[in-house]
Amino acid sequence: MFRLMDKNAAGAAAQLILELLPEPVILVQGRDGEAPEIAYGNQAAREVFRIELAGAPLGAALRRPEVLEAIEGALATATSAEVAFETIGVQPRFWRAFARPLVTEDNDPRQLVVVLRDETDARRTERMRADFLANASHELRTPLASLAGFVETLRTHAKDDPEARDKFLGIMAQQATRMARLVDDLLSLSRIELNEHIAPSGKVDLARTVQDVSDAIKPLTAERRVSVSIEPGPDVGSVTGDRDQLVQVIQNLVDNAVKYTPAGGKVHVSLQAAPNLEVARASSRGGFGLSLLSPDAPSDGQAYVVLRVTDQGPGIARQHLPRLSERFYRVEGQRSGGTGLGLAIVKHVVNRHRGGLTVESAEGEGSTFSVYLPAAAPSS
Ligand code: ADP
(Lines give C-alpha, C1' and ligand atoms only; values in the text may rest on other atoms or scores of the structure.)
Protein backbone atom coordinates (compact mmCIF):
# COMPACT_ATOMS: atom_id res chain seq x y z
CA MET A 1 0.00 0.00 0.00
CA PHE A 2 1.23 3.48 -0.82
CA ARG A 3 1.46 5.94 2.04
CA LEU A 4 2.69 9.47 2.21
CA MET A 5 5.74 9.70 4.41
CA ASP A 6 7.11 12.59 6.35
CA LYS A 7 10.26 14.15 4.98
CA ASN A 8 12.68 12.32 7.26
CA ALA A 9 11.05 8.99 6.64
CA ALA A 10 11.08 9.63 2.88
CA GLY A 11 14.78 10.53 3.07
CA ALA A 12 15.58 7.35 4.97
CA ALA A 13 13.58 5.28 2.50
CA ALA A 14 15.35 6.91 -0.44
CA GLN A 15 18.71 6.10 1.10
CA LEU A 16 17.68 2.50 1.66
CA ILE A 17 16.47 2.19 -1.93
CA LEU A 18 19.73 3.67 -3.17
CA GLU A 19 21.67 1.24 -1.01
CA LEU A 20 19.76 -1.73 -2.43
CA LEU A 21 19.86 -0.78 -6.12
CA PRO A 22 21.54 -3.54 -8.11
CA GLU A 23 23.57 -1.02 -10.12
CA PRO A 24 26.62 0.65 -8.58
CA VAL A 25 25.94 4.27 -7.63
CA ILE A 26 28.58 6.62 -6.24
CA LEU A 27 28.46 10.18 -5.04
CA VAL A 28 31.54 12.15 -6.05
CA GLN A 29 32.67 15.24 -4.15
CA GLY A 30 34.82 17.77 -6.00
CA ARG A 31 37.59 19.45 -3.94
CA ASP A 32 39.38 22.68 -4.72
CA GLY A 33 42.78 21.96 -6.20
CA GLU A 34 42.66 18.28 -5.26
CA ALA A 35 41.49 15.08 -6.88
CA PRO A 36 37.75 14.43 -6.34
CA GLU A 37 36.81 11.92 -3.67
CA ILE A 38 34.00 9.48 -3.16
CA ALA A 39 31.49 10.68 -0.58
CA TYR A 40 29.29 7.59 -0.78
CA GLY A 41 29.03 4.30 -2.65
CA ASN A 42 26.05 1.97 -2.43
CA GLN A 43 26.37 -1.73 -1.69
CA ALA A 44 26.72 -2.72 -5.37
CA ALA A 45 29.50 -0.14 -5.83
CA ARG A 46 31.36 -1.38 -2.75
CA GLU A 47 31.14 -4.94 -4.02
CA VAL A 48 32.20 -4.15 -7.56
CA PHE A 49 35.18 -2.00 -6.59
CA ARG A 50 36.04 -4.07 -3.51
CA ILE A 51 37.05 -1.05 -1.43
CA GLU A 52 35.59 0.95 1.40
CA LEU A 53 34.50 3.88 -0.70
CA ALA A 54 33.65 6.78 1.58
CA GLY A 55 36.59 9.22 1.62
CA ALA A 56 38.59 7.29 -1.01
CA PRO A 57 39.91 9.21 -3.98
CA LEU A 58 37.79 8.65 -7.09
CA GLY A 59 40.85 7.24 -8.89
CA ALA A 60 40.93 4.30 -6.44
CA ALA A 61 37.60 3.04 -7.75
CA LEU A 62 37.61 4.18 -11.36
CA ARG A 63 41.15 3.85 -12.57
CA ARG A 64 40.68 4.42 -16.26
CA PRO A 65 42.02 7.86 -17.28
CA GLU A 66 39.19 8.46 -19.79
CA VAL A 67 36.60 7.94 -17.04
CA LEU A 68 38.39 10.20 -14.55
CA GLU A 69 38.77 12.85 -17.22
CA ALA A 70 35.06 12.74 -18.14
CA ILE A 71 33.97 12.93 -14.50
CA GLU A 72 36.40 15.71 -13.61
CA GLY A 73 35.20 17.62 -16.70
CA ALA A 74 31.57 17.20 -15.62
CA LEU A 75 32.45 18.39 -12.12
CA ALA A 76 34.28 21.48 -13.39
CA THR A 77 31.42 22.51 -15.67
CA ALA A 78 28.50 21.15 -13.59
CA THR A 79 27.23 19.26 -16.63
CA SER A 80 26.31 15.64 -17.35
CA ALA A 81 28.71 13.17 -18.91
CA GLU A 82 28.57 9.62 -20.19
CA VAL A 83 31.52 7.34 -20.80
CA ALA A 84 32.00 3.67 -21.70
CA PHE A 85 35.00 1.74 -20.35
CA GLU A 86 36.31 -1.75 -19.66
CA THR A 87 37.61 -3.22 -16.42
CA ILE A 88 40.33 -5.80 -16.85
CA GLY A 89 40.43 -8.84 -14.64
CA VAL A 90 39.99 -12.56 -14.90
CA GLN A 91 36.81 -11.71 -16.78
CA PRO A 92 36.85 -8.31 -18.45
CA ARG A 93 33.63 -6.35 -17.98
CA PHE A 94 32.20 -3.51 -20.00
CA TRP A 95 30.66 -0.56 -18.19
CA ARG A 96 28.92 2.68 -19.03
CA ALA A 97 29.11 5.47 -16.47
CA PHE A 98 26.46 8.21 -16.34
CA ALA A 99 27.52 11.28 -14.35
CA ARG A 100 24.91 13.86 -13.37
CA PRO A 101 25.52 17.04 -11.33
CA LEU A 102 23.66 16.95 -8.04
CA VAL A 103 22.08 20.19 -6.97
CA THR A 104 21.65 19.97 -3.21
CA GLU A 105 20.05 22.27 -0.66
CA ASP A 106 23.39 23.70 0.43
CA ASN A 107 23.93 24.46 -3.23
CA ASP A 108 27.35 22.88 -3.49
CA PRO A 109 27.90 22.68 -7.24
CA ARG A 110 30.73 20.21 -6.85
CA GLN A 111 28.77 17.02 -6.34
CA LEU A 112 28.05 14.41 -8.96
CA VAL A 113 26.09 11.19 -8.92
CA VAL A 114 27.69 8.49 -11.02
CA VAL A 115 25.56 5.48 -11.98
CA LEU A 116 27.37 2.54 -13.55
CA ARG A 117 25.66 0.16 -15.90
CA ASP A 118 27.16 -3.25 -16.61
CA GLU A 119 26.95 -3.74 -20.38
CA THR A 120 28.99 -6.96 -20.53
CA ASP A 121 26.09 -9.23 -21.47
CA ALA A 122 24.81 -6.85 -24.13
CA ARG A 123 28.33 -6.61 -25.61
CA ARG A 124 28.72 -10.37 -25.57
CA THR A 125 25.39 -10.87 -27.34
CA GLU A 126 26.36 -8.24 -29.89
CA ARG A 127 29.66 -9.99 -30.55
CA MET A 128 27.97 -13.38 -30.83
CA ARG A 129 25.54 -11.99 -33.40
CA ALA A 130 28.37 -10.52 -35.44
CA ASP A 131 30.38 -13.78 -35.26
CA PHE A 132 27.31 -15.78 -36.19
CA LEU A 133 26.62 -13.64 -39.23
CA ALA A 134 30.26 -13.87 -40.33
CA ASN A 135 30.24 -17.68 -39.89
CA ALA A 136 26.92 -18.17 -41.66
CA SER A 137 28.06 -16.05 -44.61
CA HIS A 138 31.32 -17.95 -44.79
CA GLU A 139 29.52 -21.31 -44.72
CA LEU A 140 27.24 -20.22 -47.56
CA ARG A 141 29.97 -18.59 -49.56
CA THR A 142 32.08 -21.75 -49.88
CA PRO A 143 29.52 -23.86 -51.81
CA LEU A 144 28.43 -20.75 -53.70
CA ALA A 145 31.97 -20.09 -54.90
CA SER A 146 32.26 -23.69 -55.98
CA LEU A 147 28.96 -23.46 -57.90
CA ALA A 148 30.07 -20.29 -59.65
CA GLY A 149 33.38 -21.96 -60.57
CA PHE A 150 31.64 -24.94 -62.16
CA VAL A 151 29.23 -22.70 -64.08
CA GLU A 152 32.26 -20.95 -65.54
CA THR A 153 33.93 -24.27 -66.43
CA LEU A 154 30.77 -25.55 -68.07
CA ARG A 155 30.58 -22.43 -70.17
CA THR A 156 34.18 -22.65 -71.32
CA HIS A 157 36.51 -25.68 -71.04
CA ALA A 158 33.84 -28.34 -70.46
CA LYS A 159 31.42 -26.96 -73.03
CA ASP A 160 31.86 -29.78 -75.47
CA ASP A 161 32.84 -32.52 -73.07
CA PRO A 162 29.70 -34.48 -72.06
CA GLU A 163 31.55 -36.66 -69.55
CA ALA A 164 33.02 -33.71 -67.65
CA ARG A 165 29.67 -31.94 -67.87
CA ASP A 166 27.85 -34.83 -66.15
CA LYS A 167 30.47 -35.03 -63.45
CA PHE A 168 30.36 -31.29 -62.75
CA LEU A 169 26.57 -31.17 -62.76
CA GLY A 170 26.62 -33.93 -60.15
CA ILE A 171 28.94 -31.92 -57.89
CA MET A 172 26.85 -28.79 -58.46
CA ALA A 173 23.69 -30.62 -57.40
CA GLN A 174 25.49 -31.74 -54.21
CA GLN A 175 26.63 -28.21 -53.41
CA ALA A 176 23.13 -26.83 -54.03
CA THR A 177 21.67 -29.47 -51.67
CA ARG A 178 24.24 -28.53 -49.06
CA MET A 179 23.30 -24.85 -49.31
CA ALA A 180 19.61 -25.69 -49.06
CA ARG A 181 20.30 -27.81 -45.94
CA LEU A 182 22.27 -25.00 -44.39
CA VAL A 183 19.48 -22.49 -45.01
CA ASP A 184 16.90 -24.95 -43.62
CA ASP A 185 18.98 -25.49 -40.47
CA LEU A 186 19.53 -21.75 -40.01
CA LEU A 187 15.79 -21.09 -40.32
CA SER A 188 14.99 -23.93 -37.97
CA LEU A 189 17.42 -22.61 -35.38
CA SER A 190 16.02 -19.11 -35.56
CA ARG A 191 12.43 -20.41 -35.25
CA ILE A 192 13.39 -22.48 -32.19
CA GLU A 193 15.12 -19.51 -30.59
CA LEU A 194 12.08 -17.30 -31.13
CA ASN A 195 9.93 -19.36 -28.78
CA GLU A 196 12.66 -20.89 -26.64
CA HIS A 197 11.29 -19.11 -23.56
CA ILE A 198 7.86 -20.72 -23.96
CA ALA A 199 7.93 -24.32 -22.75
CA PRO A 200 5.93 -26.70 -24.96
CA SER A 201 2.72 -28.15 -23.56
CA GLY A 202 2.02 -31.18 -25.75
CA LYS A 203 2.48 -34.81 -24.82
CA VAL A 204 4.88 -36.92 -26.85
CA ASP A 205 5.35 -40.68 -26.83
CA LEU A 206 9.15 -40.83 -27.22
CA ALA A 207 9.33 -44.59 -27.88
CA ARG A 208 7.03 -44.18 -30.82
CA THR A 209 8.88 -41.12 -32.09
CA VAL A 210 12.22 -42.96 -31.92
CA GLN A 211 10.71 -45.82 -33.93
CA ASP A 212 9.34 -43.38 -36.54
CA VAL A 213 12.72 -41.66 -36.92
CA SER A 214 14.49 -44.99 -37.18
CA ASP A 215 12.06 -46.12 -39.93
CA ALA A 216 12.60 -42.87 -41.80
CA ILE A 217 16.38 -43.23 -41.89
CA LYS A 218 16.34 -46.85 -43.08
CA PRO A 219 17.63 -45.88 -46.54
CA LEU A 220 20.62 -44.11 -44.95
CA THR A 221 21.42 -46.98 -42.58
CA ALA A 222 21.10 -49.50 -45.43
CA GLU A 223 23.40 -47.44 -47.61
CA ARG A 224 25.99 -47.18 -44.85
CA ARG A 225 25.49 -50.74 -43.62
CA VAL A 226 24.97 -49.62 -40.05
CA SER A 227 22.31 -51.27 -37.91
CA VAL A 228 20.22 -49.32 -35.43
CA SER A 229 18.81 -51.15 -32.38
CA ILE A 230 16.16 -49.65 -30.15
CA GLU A 231 15.64 -50.49 -26.49
CA PRO A 232 12.38 -48.80 -25.50
CA GLY A 233 12.87 -49.52 -21.77
CA PRO A 234 10.20 -50.45 -19.20
CA ASP A 235 7.78 -47.89 -17.72
CA VAL A 236 8.78 -45.09 -20.05
CA GLY A 237 5.80 -42.79 -20.29
CA SER A 238 5.37 -39.70 -22.40
CA VAL A 239 7.27 -36.44 -22.12
CA THR A 240 5.96 -32.90 -22.21
CA GLY A 241 7.05 -31.67 -25.58
CA ASP A 242 6.68 -30.53 -29.14
CA ARG A 243 6.71 -33.62 -31.36
CA ASP A 244 8.17 -32.01 -34.48
CA GLN A 245 11.03 -30.50 -32.53
CA LEU A 246 11.74 -33.78 -30.72
CA VAL A 247 11.82 -35.55 -34.08
CA GLN A 248 14.58 -33.10 -35.05
CA VAL A 249 16.52 -33.88 -31.86
CA ILE A 250 16.35 -37.65 -32.34
CA GLN A 251 17.06 -37.37 -36.04
CA ASN A 252 20.14 -35.19 -35.58
CA LEU A 253 21.60 -37.46 -32.89
CA VAL A 254 20.86 -40.68 -34.76
CA ASP A 255 22.07 -39.20 -38.07
CA ASN A 256 25.40 -38.26 -36.47
CA ALA A 257 25.73 -41.67 -34.83
CA VAL A 258 25.10 -43.43 -38.16
CA LYS A 259 27.36 -41.03 -40.04
CA TYR A 260 30.36 -41.62 -37.78
CA THR A 261 29.93 -45.38 -37.26
CA PRO A 262 31.97 -47.44 -39.75
CA ALA A 263 30.21 -49.82 -42.14
CA GLY A 264 29.07 -52.99 -40.38
CA GLY A 265 28.86 -51.17 -37.03
CA LYS A 266 25.97 -50.64 -34.64
CA VAL A 267 24.07 -47.71 -33.21
CA HIS A 268 22.09 -48.26 -30.04
CA VAL A 269 19.19 -46.05 -28.98
CA SER A 270 17.72 -46.52 -25.52
CA LEU A 271 14.98 -44.93 -23.45
CA GLN A 272 14.88 -45.01 -19.69
CA ALA A 273 12.66 -43.55 -17.01
CA ALA A 274 14.48 -41.50 -14.33
CA PRO A 275 12.68 -40.57 -11.10
CA ASN A 276 14.63 -37.34 -10.65
CA LEU A 277 17.26 -35.03 -12.14
CA GLU A 278 20.17 -36.72 -10.41
CA VAL A 279 19.39 -40.10 -11.95
CA ALA A 280 18.68 -38.48 -15.35
CA ARG A 281 22.10 -36.82 -15.34
CA ALA A 282 24.05 -39.88 -14.20
CA SER A 283 26.71 -41.25 -16.49
CA SER A 284 25.79 -44.30 -18.52
CA ARG A 285 29.29 -45.58 -19.15
CA GLY A 286 30.87 -44.89 -15.81
CA GLY A 287 33.48 -42.72 -17.50
CA PHE A 288 33.78 -39.04 -18.19
CA GLY A 289 30.48 -37.38 -19.06
CA LEU A 290 30.17 -33.74 -19.85
CA SER A 291 26.98 -31.78 -19.43
CA LEU A 292 26.38 -29.49 -22.42
CA LEU A 293 23.10 -28.25 -20.97
CA SER A 294 21.24 -28.75 -17.72
CA PRO A 295 17.86 -27.34 -16.66
CA ASP A 296 17.59 -24.61 -14.04
CA ALA A 297 15.95 -25.62 -10.82
CA PRO A 298 13.18 -28.04 -11.82
CA SER A 299 10.18 -28.43 -9.57
CA ASP A 300 10.49 -31.03 -6.80
CA GLY A 301 9.61 -34.54 -7.78
CA GLN A 302 10.01 -33.90 -11.52
CA ALA A 303 10.68 -37.21 -13.29
CA TYR A 304 12.54 -37.46 -16.60
CA VAL A 305 12.85 -39.70 -19.63
CA VAL A 306 16.43 -40.26 -20.79
CA LEU A 307 17.19 -40.91 -24.46
CA ARG A 308 20.68 -42.22 -25.19
CA VAL A 309 22.26 -42.66 -28.58
CA THR A 310 25.47 -44.71 -28.56
CA ASP A 311 27.67 -45.22 -31.60
CA GLN A 312 30.83 -47.06 -32.55
CA GLY A 313 32.38 -44.06 -34.25
CA PRO A 314 35.88 -42.66 -33.70
CA GLY A 315 34.89 -40.89 -30.48
CA ILE A 316 35.67 -37.29 -29.68
CA ALA A 317 38.77 -36.02 -27.86
CA ARG A 318 38.06 -34.39 -24.51
CA GLN A 319 39.14 -30.89 -25.51
CA HIS A 320 36.42 -30.70 -28.16
CA LEU A 321 33.54 -31.83 -25.96
CA PRO A 322 32.57 -28.47 -24.36
CA ARG A 323 32.31 -26.78 -27.76
CA LEU A 324 30.28 -29.42 -29.62
CA SER A 325 26.95 -27.65 -29.43
CA GLU A 326 28.33 -24.29 -30.64
CA ARG A 327 27.07 -23.28 -34.04
CA PHE A 328 29.37 -24.37 -36.85
CA TYR A 329 31.83 -26.06 -34.50
CA ARG A 330 33.35 -29.15 -36.07
CA VAL A 331 36.09 -31.38 -34.79
CA GLU A 332 39.21 -30.71 -36.84
CA GLY A 333 40.06 -33.24 -39.46
CA GLN A 334 36.54 -34.67 -39.51
CA ARG A 335 34.79 -34.16 -42.79
CA SER A 336 31.20 -34.58 -41.71
CA GLY A 337 29.62 -33.02 -44.78
CA GLY A 338 27.07 -31.69 -42.29
CA THR A 339 26.14 -28.13 -41.53
CA GLY A 340 27.71 -27.93 -38.09
CA LEU A 341 24.31 -26.84 -36.75
CA GLY A 342 22.85 -30.23 -35.79
CA LEU A 343 23.91 -30.24 -32.15
CA ALA A 344 23.16 -26.52 -31.75
CA ILE A 345 19.57 -27.31 -32.82
CA VAL A 346 19.46 -30.22 -30.35
CA LYS A 347 20.65 -27.99 -27.52
CA HIS A 348 18.13 -25.21 -28.18
CA VAL A 349 15.18 -27.60 -28.53
CA VAL A 350 16.14 -29.40 -25.32
CA ASN A 351 16.55 -26.06 -23.56
CA ARG A 352 13.06 -25.06 -24.64
CA HIS A 353 11.83 -28.35 -23.18
CA ARG A 354 13.63 -27.59 -19.86
CA GLY A 355 15.70 -30.72 -20.30
CA GLY A 356 19.41 -31.51 -20.43
CA LEU A 357 22.08 -32.78 -22.80
CA THR A 358 25.19 -34.82 -21.93
CA VAL A 359 28.01 -36.27 -24.00
CA GLU A 360 30.26 -39.14 -23.03
CA SER A 361 33.05 -39.89 -25.44
CA ALA A 362 36.74 -40.63 -25.75
CA GLU A 363 38.95 -41.17 -28.76
CA GLY A 364 38.61 -44.71 -30.05
CA GLU A 365 35.67 -45.50 -27.77
CA GLY A 366 32.64 -44.23 -29.64
CA SER A 367 30.23 -41.64 -28.27
CA THR A 368 27.05 -41.54 -26.25
CA PHE A 369 24.82 -38.49 -26.47
CA SER A 370 22.07 -38.36 -23.82
CA VAL A 371 19.06 -36.11 -23.75
CA TYR A 372 16.73 -36.03 -20.75
CA LEU A 373 13.29 -34.45 -20.91
CA PRO A 374 10.66 -33.80 -18.23
CA ALA A 375 8.21 -36.70 -18.07
CA ALA A 376 4.56 -35.77 -18.58
CA ALA A 377 2.28 -36.32 -15.61
CA PRO A 378 0.48 -39.64 -16.11
CA SER A 379 -3.08 -39.03 -17.29
CA SER A 380 -5.64 -40.05 -14.73
P1 ADP B 1 27.53 -31.71 -38.32
O2 ADP B 1 26.41 -31.29 -39.21
O3 ADP B 1 28.87 -31.24 -38.75
O4 ADP B 1 27.47 -33.16 -37.96
P5 ADP B 1 26.80 -31.27 -35.56
O6 ADP B 1 26.44 -30.01 -34.84
O7 ADP B 1 25.76 -32.34 -35.57
O8 ADP B 1 27.24 -30.85 -37.01
O9 ADP B 1 28.11 -31.83 -34.92
C10 ADP B 1 29.22 -30.97 -34.67
C11 ADP B 1 30.52 -31.75 -34.74
O12 ADP B 1 30.60 -32.66 -33.63
C13 ADP B 1 30.64 -32.62 -35.95
O14 ADP B 1 31.14 -31.89 -37.05
C15 ADP B 1 31.61 -33.69 -35.47
O16 ADP B 1 32.94 -33.20 -35.56
C17 ADP B 1 31.26 -33.85 -34.01
N18 ADP B 1 30.33 -34.97 -33.76
C19 ADP B 1 28.99 -34.90 -33.59
N20 ADP B 1 28.45 -36.11 -33.33
C21 ADP B 1 29.47 -36.99 -33.35
C22 ADP B 1 29.57 -38.42 -33.15
N23 ADP B 1 28.48 -39.17 -32.90
N24 ADP B 1 30.81 -38.99 -33.23
C25 ADP B 1 31.91 -38.22 -33.49
N26 ADP B 1 31.88 -36.88 -33.69
C27 ADP B 1 30.69 -36.27 -33.62
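For clarity, every value in this text was computed on a predicted model and none was experimentally measured. Atoms within a ligand are numbered from 1 in the order they appear, just like the ligands themselves.
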Between [X] and ligand 1, which residue portion shows a heavy-atom distance shorter than 4.0 Å: side chain, backbone, both, or neither?
X      : answer
Ile316 : side chain
His320 : neither
Tyr329 : backbone

Interfacing atoms of ligand 1 (cut-off 4.0 Å, heavy-atom, [X]):
X      : result
Gly340 : 1 (P), 2 (O), 3 (O), 6 (O), 8 (O)
Asp311 : 22 (C), 23 (N), 24 (N)
Ser367 : 24 (N)
Leu343 : 5 (P), 6 (O), 7 (O), 9 (O), 19 (C)

May I ask you to check whether Glu196 and Asn351 show a side-chain donor-acceptor distance below 3.5 Å?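 Side chains of Glu196 and Asn351: pair found under 3.5 Å.
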
Using only heavy-atom distances, determine whether the side chains of Gln175 and Ser146 contain a donor-acceptor pair under 3.5 Å.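 Side chains of Gln175 and Ser146: pair found under 3.5 Å.
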
Is it true that a side-chain atom of Ser361 and a backbone atom of Ile316 form a donor plus acceptor pair closer than 3.5 Å?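 Flag set: sc Ser361 to bb Ile316 pair under 3.5 Å.
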
Counting only N and O atoms by type, is there a donor-acceptor contact under 3.5 Å from the side chain of His138 to the main-chain atoms of Leu133?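 Such a contact is absent between His138 side chain and Leu133 backbone.
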
Is there at least one pair of N or O atoms, one from [X] and one from ligand 1, spaced under 3.5 Å apart?
X      : result
Val331 : yes
Gly342 : yes
Leu324 : no

Does ligand 1 have an atom under 4.0 Å from some heavy atom of Gly313?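 No, Gly313 has no heavy atom closer than 4.0 Å to ligand 1.
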
Separation between CG of Asn42 and CD1 of Ile26, rounded to the nearest 0.5 Å: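 Asn42 CG to Ile26 CD1: 9.0 Å, rounded to 0.5 Å.
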
For atom CD of Glu86, is the number of surrounding heavy atoms from other residues, nucleotides or ligands below 6.0 Å larger than 12?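 Yes, enclosed.
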
Would Asp242 and Arg352 pass as an ion pair if we require N to O under 4.0 Å?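 Salt bridge flag = yes for Arg352 with Asp242.
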
Of Val183, Leu182, Ile345, which is the lone residue that meets side chain to side chain contact (heavy atoms under 4.5 Å, CB included) with Thr339?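 Of the listed residues Val183, Leu182, Ile345, the side chain to side chain contact (heavy atoms under 4.5 Å, CB included) partner of Thr339 is Leu182.
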
